[in-house]
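As a basis for the values below, the full set of heavy atoms in this structure was taken, side chains included, without hydrogen atoms, waters or symmetry mates. Remember, it's 1-based here, ligands and their atoms both numbered in the order they're listed.
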Amino acid sequence: MHEAKPMLIGGEDVPGEVGIPPLKSVNPATGEVNYEVAAAGADAVDRAVRNAAQAFAKRSWREMLPMQRARILFGIADGMERESDMLARLQMLENGKVWSECVKQVKSAAATFRYYGAVCETTGSEVTPARGDYVSMTAYEPYGVVAAITPWNSPLTMEAQKIAPALAAGNAVILKPSEVTPSTGLAVARIALKAGLPPGILNVLTGTGLDVGAALVSHPLVRMVSFTGGTESGRRIAEVAARKLMPVALELGGKSPHILFEDADIDAAVAAVADGIFEGSGQSCVAGSRLFVQKSIHDVVVKKLVERARSLRVDLPDAPGAEMGPLATFAQRDKVEGMVDEARAAGAVILAGGARPSAPQLCNGAYYLPTIIGGIDNNAAIAQNEIFGPVLCVLPFETEEDLIAQANGTAFGLASGVWTANYKRAWRVARALEAGTVWINTYKQLSVATPFGGFKDSGIGREKGISGMRLYQQPKGIYFGMA
Ligand SMILES: NC(=O)c1ccc[n+]([C@@H]2O[C@H](COP(=O)([O-])OP(=O)(O)OC[C@H]3O[C@@H](n4cnc5c(N)ncnc54)[C@H](O)[C@@H]3O)[C@@H](O)[C@H]2O)c1
Ligand SMILES: O=S(=O)(O)c1ccc(CO)cc1
């Protein structure tokens, strides 16, 4: 076994601390150990935060001309595109996403850096209308040291979505990637150094949430936390932040309704429903995990979906034509399997899947077949709790009123999809749904320019768009006397 991959603090490679066991990166497609990655202890956390605070205090990053800051962000995007194969491969090895999706995510992560380069160069302060003998302006200032804590399901996407706007806003950042997927963030930070980012402005601490993540959140010099992950972890972080009176952005879980009215384009809708739940093995925060289908088209839709689930190519992530890989960890596969088994025991009908695949090349990996569940209502545990796996719950509805009550009838409010040819109905339903994103006659389209976040237990704050940079800034009112 080679030495554990080092962390990145103050622009330097830093090995793990003596006595802290390294993280073992496991390939979920095969069960083999990929490599080890250093894990931080309390000393490394403190060192990284102090380094970032010192780099921020030099003021060279926050006061750099926005045009120059933009040039560095563009340089990071260029570097990521040059290293696309390496980044895509790291993500594939660590979380098992199929190759085509990994390549797509490198591209979109690079585009996020480009977008925030443009935003920082073009988004300025505001001058309020003159009021007698003074004028005032609103300036937007960085917080200082920002902790960015990310999950394992789409590491490159999440890392870019936090690092790019936080840097564009002039902050120093400490990334704490998931312990399951520590390597893409380390690689992006090294690309950023090469692109001219001053040392200490982007640091990467690897380790578990309960050790490294929690120590980072409670460190007195960390002034803002941007977190994406599970709702319970988000709640814990918000509690610590409340004590520190520190702002937090929380992008949390979901149980998103995907709704098909009888006048929908059924073939287009079925394809989107299948992609919306099976892409990434269902490990997407916006997975359309509850299908509400109007009773009159229920049987035909279910038949088509079952055919699609059964024909979906589940394979090794780098197999040509693979459409779905393994779950990201064996623990996640076991959790999904346990939830389906409990639903089955409670009387649910398994319409497709509900088992591990039997193909010999998959038997050592964390695989689970695309699964469709019927015979339940919206109050069933499987319809209420986030599964984060390739499992679709089918729920028939009769009227629009009944549909809205059920669709909104969970603790979550992240995303939703509506398929109908009736634009007035589409508008009414979109307005009535309690969700941060509503897709109409499409699903899982995501633009970096459109704010994204959750209602209810799905989160606080909005990433992406210009608001995604404002998240990392505090407004300051400055008054000029003119008398
Ligand atoms: N809303 C979104 O944009 C979005 C996007 C992707 C994933 N998610 C959610 O993420 C979850 C899956 O990811 P996960 O299992 O990695 O989530 P998780 O909450 O277990 O971990 C997320 C990150 O937080 C760290 N962490 C955990 N507990 C912490 C604590 N107390 N203090 C500080 N850091 C802590 C982890 O080490 C990891 O880096 C799902 O619920 C999914 O819906 C949400
Ligand atoms: O499908 S996911 O990879 O979980 C995902 C990533 C980012 C966003 C918001 O930009 C939504 C879903």
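For the pair F452 and ligand 1, the shortest N or O to N or O distance does not fall below 3.5 Å. For ligand 2, the polar-atom distance check finds an N/O of Q161 within less than 3.5 Å of one of the ligand's N/O atoms. Ligand 1 has no N or O atom lying under 3.5 Å from any N or O atom of N153, backbone or side chain. For a threshold of 3.5 Å applied to N or O pairs, the pair formed by S458 and ligand 1 contains no separation below that value. Distances between N or O atoms of T228 and those of ligand 1 include no value under 3.5 Å. At under 3.5 Å, a nitrogen or oxygen of K464, whether backbone or side chain, sits near a nitrogen or oxygen of ligand 2. The N/O atoms of T157, backbone and side chain alike, include none that comes under 3.5 Å of an N/O atom in ligand 2.
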Checking Y35 against E94 for the side-chain hydrogen bond (donor to acceptor under 3.5 Å, both in side chains) test, could you report, in this order, the C-alpha distance in whole Å, the side-chain angles of both residues, the deciding distance, and whether it holds?
CA-CA 10 Å; Y35 32 69; E94 292 186 351; 2.7 Å; yes
What do the steps show when you test E179 against T206 for side-chain hydrogen bond (donor to acceptor under 3.5 Å, both in side chains), and what is the final call?
CA-CA 7 Å; E179 50 274 39; T206 39; over 6 Å; no
Does the side-chain hydrogen bond (donor to acceptor under 3.5 Å, both in side chains) test come out yes or no for S289 and E386, once each step is laid out?
CA-CA 8 Å; S289 48; E386 187 180 45; over 6 Å; no
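For atom 8 (N) of ligand 1, the nearest protein heavy atom lies closer than 4.0 Å.
W152 and F388 have perpendicular rings, their planes meeting at more than 60° on a 0 to 90° scale where under 30° would count as parallel.
Here the protein heavy atom with the shortest distance to atom 8 (C) of ligand 2 is L446 CD1, 3.9 Å. At the shortest separation from atom 40 (C) of ligand 1 among protein heavy atoms lies E386 OE1, 3.4 Å. Given atom 26 (N) of ligand 1, the protein heavy atom at minimum distance is G209 CA, 3.4 Å. The closest protein non-hydrogen atom to atom 12 (C) of ligand 1 is F388 CE2, 3.6 Å. Considering only non-hydrogen protein atoms, atom 20 (O) of ligand 1 sits nearest to S233 OG, 3.9 Å. At the top of the distance list for atom 24 (O) of ligand 1, counting protein heavy atoms only, stands F227 CE1, 3.0 Å. Nearest protein heavy-atom neighbour of atom 13 (O) of ligand 1: P151 CB, 3.3 Å. Here the protein heavy atom with the shortest distance to atom 15 (O) of ligand 1 is W152 NE1, 3.0 Å. Nearest protein heavy-atom neighbour of atom 23 (C) of ligand 1: T150 O, 3.4 Å. With hydrogens left out, the protein atom closest to atom 2 (S) of ligand 2 is S284 OG, 3.6 Å, a heavy atom.
Of all the heavy atoms in L93 and P28, the pair that sits closest is O-CD, 3.5 Å. Closest non-hydrogen pair, I277 versus A287, comes out as CD1-CB, 4.0 Å. The shortest non-hydrogen separation linking F330 to N27 is CE1-O, 4.4 Å. For E101 against G280, the heavy-atom pair with the smallest separation is OE1-N, 3.4 Å.
Counting only non-hydrogen atoms, the option in S154, G459, G230 that gets closest to atom 11 (C) of ligand 1 is G230. Proximity annotation for atom 4 (C) of ligand 1: of S284, A214, C285, C285 comes nearest, heavy atoms only.
Counting heavy atoms closer than 4.0 Å to ligand 1, residue P177 contributes backbone atoms (N, CA, C, O) but none from C-beta onward. Of all the heavy atoms of L414, the ones lying under 4.0 Å from any atom of ligand 1 belong exclusively to the side chain. The side chain of E179, and not its backbone, has at least one atom closer than 4.0 Å to an atom of ligand 1 (non-hydrogen atoms only; side chain from C-beta on). Contact annotation: for M158 versus ligand 1, heavy atoms closer than 4.0 Å belong to the side chain alone. Contact annotation for E463 and ligand 1: no heavy atom of the residue comes within less than 4.0 Å of the ligand. Of all the heavy atoms of V286, none lies under 4.0 Å from any atom of ligand 1, so neither backbone nor side chain is involved. Contacts between L252 and ligand 1, counted as non-hydrogen atom pairs separated by less than 4.0 Å, involve the backbone only. Looking at I149 against ligand 1, only its side chain comes within 4.0 Å, counting heavy atoms.
Inspection of the K162 and T228 side chains reveals an N or O donor paired with an N or O acceptor under 3.5 Å. Q91 and T181 are not linked by any side-chain donor-acceptor pair at a separation below 3.5 angstrom, with hydrogens and angles left out of the test. Judged by distance alone, the side chains of S281 and Y368 never bring a donor and an acceptor atom under 3.5 Å apart. Side-chain contact annotation: H258 with W439, donor-acceptor N/O pair under 3.5 Å absent.
Distances below 4.0 Å separate heavy atoms of I237 from the following atoms of ligand 1: 32 (N), 33 (C), 34 (N). Residue-ligand proximity, G253 to ligand 1, at heavy-atom distances under 4.0 Å covers atoms 41 (O), 43 (O). Atoms of ligand 2 found under 4.0 Å from any heavy atom of N153, numbered from 1 in the order shown, are 4 (O). Proximity to K176 (heavy-atom distance under 4.0 Å) selects the following atoms of ligand 1: 36 (C), 37 (O), 38 (C), 39 (O). Residue-ligand proximity, S154 to ligand 2, at heavy-atom distances under 4.0 Å covers atoms 2 (S), 3 (O). Close approach of ligand 1 to G213 (heavy-atom distance below 4.0 Å) involves ligand atoms 32 (N), 33 (C), 34 (N).
For the pair R333 and Y367, the cation does not sit on the ring face, since its NZ or CZ is not both under 6.0 Å from the ring centre and inside 45° of the axis.
Assignment of K444 to the shell around ligand 2 is supported, since a heavy atom sits closer than 4.0 Å. In this structure, M158 counts as a contact residue of ligand 2, since one of its heavy atoms falls inside 4.0 Å of the ligand. Distances from ligand 2 to the non-hydrogen atoms of C285 include at least one value under 4.0 Å.
A salt bridge links K104 with E279: at least one charged nitrogen is closer than 4.0 Å to a carboxylate oxygen. Using a cutoff of 4.0 Å between basic side-chain nitrogens and carboxylate oxygens, E323 and R308 are scored as salt-bridged. A salt bridge links E232 with R235: at least one charged nitrogen is closer than 4.0 Å to a carboxylate oxygen. Taking a cutoff of 4.0 Å between a charged side-chain nitrogen and a carboxylate oxygen, K304 and D267 qualify as a salt bridge.
Side-chain contact between Q384 and N378 is present, with at least one heavy-atom pair separated by less than 4.5 Å.
Atom CD of residue E81 and atom CD1 of residue I191 lie 10.5 Å apart, to the nearest 0.5 angstrom. We find the OG-CG distance between S256 and L414 to be 5.0 Å, quoted to the nearest 0.5 Å.
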